[in-house]
Amino acid sequence: MHRDLPDAKCLLSGDEVRAWEGPPRLRRVHFMLRWYAKIRNSSAGSDHMAEAGGFEPESERVTRRLREEILDGVRVPGDRLVERELADELGVSRVPVREALRALVTEGLVTPRPRSWAVVREFTASDIADLNEVRAAFESLTFRLATQRRTRDGLKRLRGVLDDELMAARAGDAVRARRAAADFHEVVTLLAANELLVELERPLRSRMRWLLGQHGDLMAVAEQHEGLYAAIADRDVARVERLVAEHLAAGRRTAMAHRQGHSDAATRT
């Protein structure tokens, strides 16, 4: 989901093209979910969420690699990102590294420094508060629309992501569980069937995925998502609104606690 949607029928099979008949909004939802599934299912390991098949430009590959390392905590806030060093490490020229760093600055994950280096962004308490305010407004609408407009195929996709999250949480696989948790929210955005919401979410996606990864209780988040899934499946708008409010409040508490824990650890070292 790191790229714009491609032209519609190019990714559909014969049966899916025949299923294309129907209300325009449902056609868009069906296509976006099929596109998302093809991307997600085609990826593995460090290629998580990479574009399905075809050629991937070097700069996009480097951007994806660095983005995932930042979101997964491999590169931590304050880490230096020097063009020459990254080019040697990744086995590429400095040009795609430079383009990748520019892209990550735009996404809000990297802070530029003079000349040819940058650092992984350190989100302040104010940054986190801003993100939580935007998330609250966005997700309150997104989950409500998804509950009203969800489709059978959409529920199937959401269930698959939720099952991945639950399995990873039970196994203690933090990276996989947090990735799946963020994927859950992105699939809900697709279920809302509002193209403008998808466009508005896109430039914030990396920062939101970072925010959604700021928790330590993997099972608690997965269980919250399981409750939200059940309410969406039941088309119970009132229950979804209540659960979203609880989910957002828990997210605010855990994000600040997670940040405080990292700050305390940094102080001790």
(Q) A side-chain contact here means heavy atoms from C-beta on lying under 4.5 Å apart; do Val198 and Arg202 qualify? (A) yes
Q) Given Thr111 and Val105, is the side chain to side chain contact (heavy atoms under 4.5 Å, CB included) satisfied, shown in steps? A) CA-CA 6 Å; Thr111 302; Val105 167; over 6 Å; no
Q. If you take all heavy atoms of Ser59 and Ala100, which pair is closest and at what distance?
A. O-CB, 4.1 Å
Q) Okay, side chain of Arg150, backbone of Ala233: is any donor-acceptor separation there less than 3.5 Å? A) yes
Q) Taking it one step at a time, do Arg209 and Glu186 satisfy salt bridge (Lys or Arg N to Asp or Glu O under 4.0 Å)? A) CA-CA 9 Å; Arg209 288 186 77 92; Glu186 290 186 9; 2.7 Å; yes
Q: Could you pull out the closest heavy-atom pair between Ala222 and Ala169, with the gap in Å?
A: CB-CB, 4.4 Å
Q. Ignoring hydrogens and geometry, is there a side-chain-to-backbone donor-acceptor pair from Asn194 to Leu196 under 3.5 Å?
A. yes
Q: Keeping the roles fixed (side chain from Thr254, backbone from Gly251), state whether a donor-acceptor pair exists under 3.5 Å.
A: yes
Q. Does the side chain of Asp164 reach to within under 4.5 Å of the side chain of Arg176, using non-hydrogen atoms?
A. yes
Q: Could you check Glu83 against Arg115 for salt bridge (Lys or Arg N to Asp or Glu O under 4.0 Å), going step by step and ending with a plain yes or no?
A: CA-CA 10 Å; Glu83 278 185 19; Arg115 299 180 182 173; over 6 Å; no
Q. Under a 4.5 Å side-chain heavy-atom rule over Ile, Leu, Val, Met, Phe, Trp and Tyr, are Phe184 and Met219 clustered together?
A. yes
(Q) For a quick test of reading the model, state the closest non-hydrogen atom pair linking Ala220 to Asp217 and the distance between them. (A) N-OD1, 3.1 Å
Q) Can you name the closest pair of heavy atoms from Ala231 and Thr147 and give their distance? A) O-CG2, 4.0 Å
Q. Is there side-chain contact between Val110 and Val119, with at least one heavy-atom pair below 4.5 Å?
A. no
Q: Can you measure from CG (Leu204) to CG (Leu131) and round to the nearest 0.5 angstrom?
A: 8.0 Å
Q. So, does Arg252 use its side chain to make a donor-acceptor pair with the main chain of Asn132 at under 3.5 Å?
A. no
Q: May I ask whether Val95 and Leu81 are part of the same hydrophobic cluster, defined by side-chain heavy atoms of I, L, V, M, F, W, Y residues being less than 4.5 angstrom apart, directly or through others?
A: no
Q | salt_bridge(Arg170, Glu223) N-O dist < 4.0 Å | A | no
(Q) Is there a path of hydrophobic side-chain contacts, each under 4.5 Å between heavy atoms of I/L/V/M/F/W/Y residues, joining Leu155 to Leu162? (A) yes
**Q.** salt bridge (Lys or Arg N to Asp or Glu O under 4.0 Å) assessment of Arg179 paired with Glu165
**A.** CA-CA 8 Å; Arg179 284 183 174 186; Glu165 182 184 1; over 6 Å; no
**Q.** Side-chain touch Leu86/Val92, heavy atoms, less than 4.5 angstrom
**A.** no
Q: Any chance you could lay out the side chain to side chain contact (heavy atoms under 4.5 Å, CB included) test for Arg135 and Leu212, step after step, and finish with the verdict?
A: CA-CA 10 Å; Arg135 180 190 172 196; Leu212 290 167; 3.5 Å; yes
Q | Side chain Arg121, main chain Leu109, donor-acceptor under 3.5 Å | A | no
Q. With side chains defined as the heavy atoms from C-beta onward, is the minimum distance between Val120 and Val76 less than 4.5 Å?
A. no
Q.
Less than 4.0 angstrom from a charged side-chain N to a carboxylate O is my criterion; do Glu99 and Arg102 meet it?
A. no
Q. In Å, rounded to the nearest 0.5 Å, how long is the span from CD1 of Ile232 to NE2 of His225?
A. 9.5 Å
Q. Would Leu104 end up clustered with Met208 when hydrophobic side chains under 4.5 Å apart are linked, directly or stepwise?
A. yes
Q: Looking only at non-hydrogen atoms, find the nearest pair between Ala174 and Leu218 and report the distance.
A: CA-CD1, 3.6 Å
Q) So Ser140 and Glu241, side chain to side chain contact (heavy atoms under 4.5 Å, CB included) or not? Walk me through it. A) CA-CA 7 Å; Ser140 296; Glu241 289 177 339; over 6 Å; no
Q) So how far is it from Arg65 CZ to Ile70 CD1, rounded to the nearest 0.5 Å? A) 12.0 Å
(Q) Please determine whether residues Leu101 and Leu90 belong to a single hydrophobic cluster, defined as Ile, Leu, Val, Met, Phe, Trp and Tyr linked transitively by side-chain heavy-atom distances below 4.5 Å. (A) yes
Q: Could you label the plane-to-plane angle of the Trp210 and Phe123 rings as parallel, tilted or perpendicular, counting under 30° as parallel and over 60° as perpendicular?
A: parallel
Q: Any chance you could measure Asp72, atom CG, to Arg67, atom CZ, to the nearest 0.5 Å?
A: 11.5 Å
Q: Using atom types as modelled and distance alone, determine if a side-chain donor or acceptor of Arg178 lies under 3.5 Å from a backbone N or O of His215.
A: yes
**Q.** Pair Asp88 + Arg84: basic N to acidic O under 4.0 Å
**A.** no
Q.
Would you say the rings of Phe143 and His185 are close, in the sense that their centroids are separated by under 6.0 Å?
A. yes
(Q) Quick one, Leu158 with Val188, criterion side chain to side chain contact (heavy atoms under 4.5 Å, CB included). Give me CA distance, side-chain angles, the key distance, then yes/no. (A) CA-CA 7 Å; Leu158 193 60; Val188 170; 3.8 Å; yes
Q: Report yes if the side chains of Arg75 and Arg80 come closer than 4.5 Å at any heavy-atom pair, otherwise no.
A: no
Q.
Check Arg64 with Glu60, please: is the shortest side-chain N to carboxylate O separation under 4.0 Å?
A. no
Q.
Please report the interatomic distance CD(Gln224) to CG(Leu248), rounded to the nearest 0.5 Å.
A. 9.5 Å
(Q) Minimum heavy-atom separation for Ala103 and Thr63, please, with both atom names. (A) CB-CG2, 4.0 Å
(Q) Nearest 0.5 Å, please: how far is CG in Asp234 from CZ in Arg239? (A) 4.5 Å
Q: State whether the side chain of Arg235 and the backbone N or O of Gln148 hold a donor-acceptor pair below 3.5 Å, judged by distance alone.
A: yes
Q) So does Arg94 have more than 12 non-hydrogen atoms from other groups sitting under 6.0 Å from CZ? A) yes
Q) Under 4.5 Å between any side-chain heavy atoms of Arg242 and Glu246, yes or no? A) yes
Q | Test log, rule salt bridge (Lys or Arg N to Asp or Glu O under 4.0 Å), inputs Arg207 and Asp127 | A | CA-CA 10 Å; Arg207 277 170 283 183; Asp127 292 331; over 6 Å; no
